[in-house]
Protein chains: 2
Amino acid sequence: MNRVGIQDVARHAGVSTATVSYIINNKKSVSAETRKRVERSIKELGYKPNAIAQSFKTGKKNLIAFIVPDIANNFFSTLIEEIEGVLASRHYKLMILNTKETKIREIESINAVSSGIVDGIILASTMDSYSEIKSILPQSIPTILIDRELKDCPADSITVNCHDAVCRGVEDLIGKGHRKIGYITGLMHISTTVERLDAYKETMQQHGLCDPALIRIGDSMSHCVKGHLDSLIAAGCTAVVITNNVMATEAMLQMLDEGIRPGRDIEILGFRDSDQAQYGLQHMDLIIQPTKELGKVAGRRILDRISDPAGLQQRIELQAIFMPREKT
Amino acid sequence: MNRVGIQDVARHAGVSTATVSYIINNKKSVSAETRKRVERSIKELGYKPNAIAQSFKTGKKNLIAFIVPDIANNFFSTLIEEIEGVLASRHYKLMILNTKETKIREIESINAVSSGIVDGIILASTMDSYSEIKSILPQSIPTILIDRELKDCPADSITVNCHDAVCRGVEDLIGKGHRKIGYITGLMHISTTVERLDAYKETMQQHGLCDPALIRIGDSMSHCVKGHLDSLIAAGCTAVVITNNVMATEAMLQMLDEGIRPGRDIEILGFRDSDQAQYGLQHMDLIIQPTKELGKVAGRRILDRISDPAGLQQRIELQAIFMPREKT
DNA sequence: TTGAAAGCGCTAACAT
DNA sequence: ATGTTAGCGCTTTCAA
């Protein structure tokens with residue numbers, strides 16, 4: 001049960017601990033012969049460097065934390081996947097902390113992580129504002145915001161601009177003759193929700209079509225869609241904008257089940273991720289987020305930020321695109 | 001940028017580092033006055049104990065690794081949620097490692113984790129057999145298998161027995177007069193897949209109905225269902241067993257989209273998790289896995305195992321239940 | 001090319 | 001109740 005340490009290896013191979021360390025990290029030139037001997041000892045003894053001791057000594061953990069609102073959401077699990085890929089190529093691991101869109105769990109997660117166990121933090125925050133976490137977010141740990149912005153936060157951010165795509169989508173609906181276009185939001189305290197809603201209002205206003213009675217406040221996670229959709233249909237909407245992937249999929253299931261034919265009985269403008277091959281979504285107009293790209297860029301950015309902690313703040317913005325449906 | 005250490009606090013409060021340590025961990029009795037003074041110093045200096053140094057010294061990391069095949073699968077994200085809950089109550093954190101059902105990523109994950117950064121490992125393995133990971137699975141770290149068993153593995157395991165529920169479900173189908181009952185499997189190298197398939201074959205055999213031509217090999221993740229379902233229908237099946245939650249949901253979407261009415265045109269026996277409120281699933285007969293319970297039990301078990309590393313191996317088996325559909 | 005030895009920041013046994 | 005101090009297992013400087 002006693003773990004074998006670098007001492008044991010050194011003794012077994014008849015060298016100093018320094019030499020073993022050099023070999024583990026191939027830091028200095030070591031004669032081929034010694035290297036061979038030490039490597040044999042390592043294998044024989046089954047030696048594994050104690051990662052905690054290494055981190056303690058060097059200060060490097062090769063670990064990034066991703067604080068994420070909902071791992072079951074395809075958007076975020078795609079993000080995780082992509083970030084992991086980028087990090088793995090640089091020998092970093094990703095630690096995932098799931099907040100379930102609650103502030104308390106976000107705070108707990110930030111606290112857990114600010115004890116110095118990670119080299120960097122990627123945060124998709126569920127907070128209303130930066131002030132709510134300003135005091136607990138450790139300035140000593142490189143941090144970047146992903147997907148959702150926090151006003152006045154000095155950290156780097158990587159976001160997706162959906163404003164233009166939403167405008168285009170709504171324009172398209174209007175162009176097809178729709179006048180009563182309903183809208184189901186995500187969680188209202190999140191920056192992306194506000195951005196998208198503003199784009200919708202703006203466009204509707206430009207055509208003199210804006211009607212607050214056609215807006216429903218949703219959450220991005222669970223089962224709020226049914227009621228909203230029914231009530232918008234009852235209100236006479238011929239088209240509905242549903243502003244995230246989870247809700248769009250749910251709406252799809254529900255409509256199919258009730259015999260409402262999206263694309264015929266009602267027009268839906270939904271959201272999906274870059275590579276989401278969700279069955280049924282082909283009946284909707286879609287706004288497609290560059291989710292994979294978002295993850296990749298975030299992965300690269302946190303790594304760069306770690307190697308240059310003092311660099312200037314960066315705000316990176318990717319663009320979503322509007323794609324009309326294929327099928328009826 | 002220089003992190004403040006326990007030394008700084010001690011100096012600032014005019015006490016020894018030991019006293020500060022006692023207060024942080026409230027280990028020994030400290031006079032109310034000293035405590036107050038030290039706590040003020042901690043606040044003033046913004047001191048946060050270096051978690052790595054603590055772990056280094058004590059050997060405790062308060063971290064459990066969960067190596068999981070697919071975080072986007074509701075079954076596993078529910079598991080994560082429940083395990084997190086149990087661990088949080090004992091001040092443990094969960095580190096999630098997503099293998100995407102690939103062996104290579106499982107091996108990488110095990111290696112990453114066996115450098116001693118966690119106190120315990122929960123593994124939902126995607127391997128064919130224990131021999132594939134026997135040499136890399138660290139015996140010094142408490143490990144439990146969840147959901148999927150690995151023959152001959154000496155670790156504890158927590159699984160869900162679906163055998164009886166599948167038998168009952170298939171019996172029920174037969175009782176309703178179905179004779180050609182198709183079957184779509186999960187990944188064939190996984191223990192749960194085999195268990196379920198055996199139960200199906202067994203039951204069909206008992207009624208002289210077993211026909212290998214009615215079995216389709218699926219994977220549990222992606223988009224294999226459509227083809228299989230179509231071909232089973234073409235083969236004359238009046239009922240189909242779909243043996244995990246992801247595939248069941250996908251089949252649902254597809255059938256609705258194609259105007260096939262589950263529960264009327266075709267009978268489906270699907271799977272879902274304890275609390276999965278997926279729209280549309282009410283048209284299927286269902287086998288319900290006690291997913292939340294599974295997570296809770298696993299969380300408790302790993303904690304117990306950590307406090308008693310030498311205890312006898314435990315194999316815990318929960319039972320799935322069969323539930324006929326509500327709606328037509 | 002190799003080795004001796006000084007810590008990294010903290011905990012806890014032991015002493016006072 | 002509080003302080004002194006010896007490490008935990010490793011890396012790395014400096015010397016040989």
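Reminder, nothing fancy here: chain letters follow the sequence lines and each chain counts from 1. For the numbers below, each heavy atom of this structure counts, side chains included, while hydrogens, waters and symmetry mates do not.
- Within a heavy-atom distance below 4.0 Å of DNA chain D, the residues of residues 32-52 of chain B found are B:Thr34.
- Around the NZ atom of A:Lys296, the shell of radius 6.0 Å holds more than 12 heavy atoms that belong to other residues, nucleotides or ligands.
- By the 6.0 Å contact criterion, CD on B:Glu33 is open, its count of non-hydrogen atoms from other residues, nucleotides or ligands being 12 or less.
- Looking at B:Ile83, B:Ile302, B:Ile158 one by one, the single match for side chain to side chain contact (heavy atoms under 4.5 Å, CB included) with B:Val297 turns out to be B:Ile158.
- Checking B:Ser274 against B:Glu293 by side-chain atom types alone, no donor-acceptor pair falls below 3.5 Å.
- In terms of the ring pair (Phe, Tyr, Trp, His ring centres under 6.0 Å) criterion, residue partners of A:Phe56 (sequence neighbours excluded) are, by chain and number, B:Phe56.
- Within residues 109-118 of chain B, no residue places a heavy atom under 4.0 Å from DNA chain C.
- Using a 4.0 Å cut-off, some side-chain N or O of A:Ser31 falls inside it from OP1 or OP2 of C:dT2.
- Distance CD1 (A:Ile6) to C1' (C:dT2): 14 Å, rounded to an integer number of Å.
- Rounded to an integer number of Å, the gap from CG of A:Asn25 to C1' of D:dC10 is 9 Å.
- B:Gln7 has no side-chain polar atom (N or O) that falls below the 4.0 Å cut-off from OP1 or OP2 of C:dC10.
- Atom pair A:Phe56:CZ and D:dC10:C1' shows a separation of 9 Å (rounding to whole Å applied).
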Can you give each donor-acceptor pair under 3.5 Å made by side-chain atoms of residues 86-93 of chain A, sequence neighbours left out, with the distance rounded to 0.1 Å?
residue, atom, partner, partner atom, Å
A:Ser89, OG, A:Val86, O, 2.6
A:Tyr92, OH, A:Lys60, NZ, 2.9

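- Atom pair A:Arg11:CZ and D:dG9:P shows a separation of 12 Å (rounding to whole Å applied).
- Regarding A:Lys57, its NZ atom lies at a distance of 5 Å from the C1' atom of D:dT11, rounded to whole Å.
- Tested against A:Glu39, the residues A:Arg37, A:Lys43, A:Lys36, A:Arg35 include a single salt bridge (charged side-chain N to carboxylate O under 4.0 Å, His left out) partner, A:Arg35.
- Annotation: ring pair (Phe, Tyr, Trp, His ring centres under 6.0 Å) contacts of B:Phe76 (sequence neighbours excluded): none.
- Between B:Ile23 atom CD1 and D:dG3 atom C1' the separation is 13 Å, expressed in whole Å.
- Within 4.0 Å of A:Ser21, counting heavy atoms only, lies at least one base atom of the nucleic acid.
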Look for any protein N or O under 3.5 Å of an N or O in nucleotides 14-16 of chain D and output each such pair with its distance, or none.
residue, atom, partner, partner atom, Å
D:dC14, N4, A:Lys28, NZ, 2.9

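- Here the CG atom belonging to B:Asp70 is positioned 7.5 Å from the OG atom belonging to A:Ser77, to the nearest 0.5 angstrom.
- Exactly one of A:Ile6, A:Thr34, A:Asp8 qualifies for a side chain to side chain contact (heavy atoms under 4.5 Å, CB included) with A:Val20. That residue is A:Ile6.
- Protein atom NZ of A:Lys60 is 16 Å distant from nucleotide atom C1' of C:dC8, rounded to whole Å.
- The phosphate of C:dG3 (OP1 or OP2) has a side-chain N or O of A:Thr19 nearer than 4.0 angstrom.
- One finds the CG atom of B:Leu294 at 5.5 Å from the CG atom of B:Leu318 (value rounded to the nearest 0.5 Å).
- Looking at which nucleotide of DNA chain D each of B:Ala53 and B:Val15 is closest to, the 5′-most match is held by B:Val15.
- Distance A:Lys61 NZ to C:dG9 C1': 12 Å, rounded to the nearest Å.
- Between the CD atom in B:Glu84 and the CG atom in A:Asn98 there is a gap of 5.5 Å [rounded to 0.5 Å].
- For the OP1/OP2 pair of C:dA12 and a distance below 4.0 Å, the side-chain nitrogens and oxygens of B:Lys27 include at least one atom meeting the criterion.
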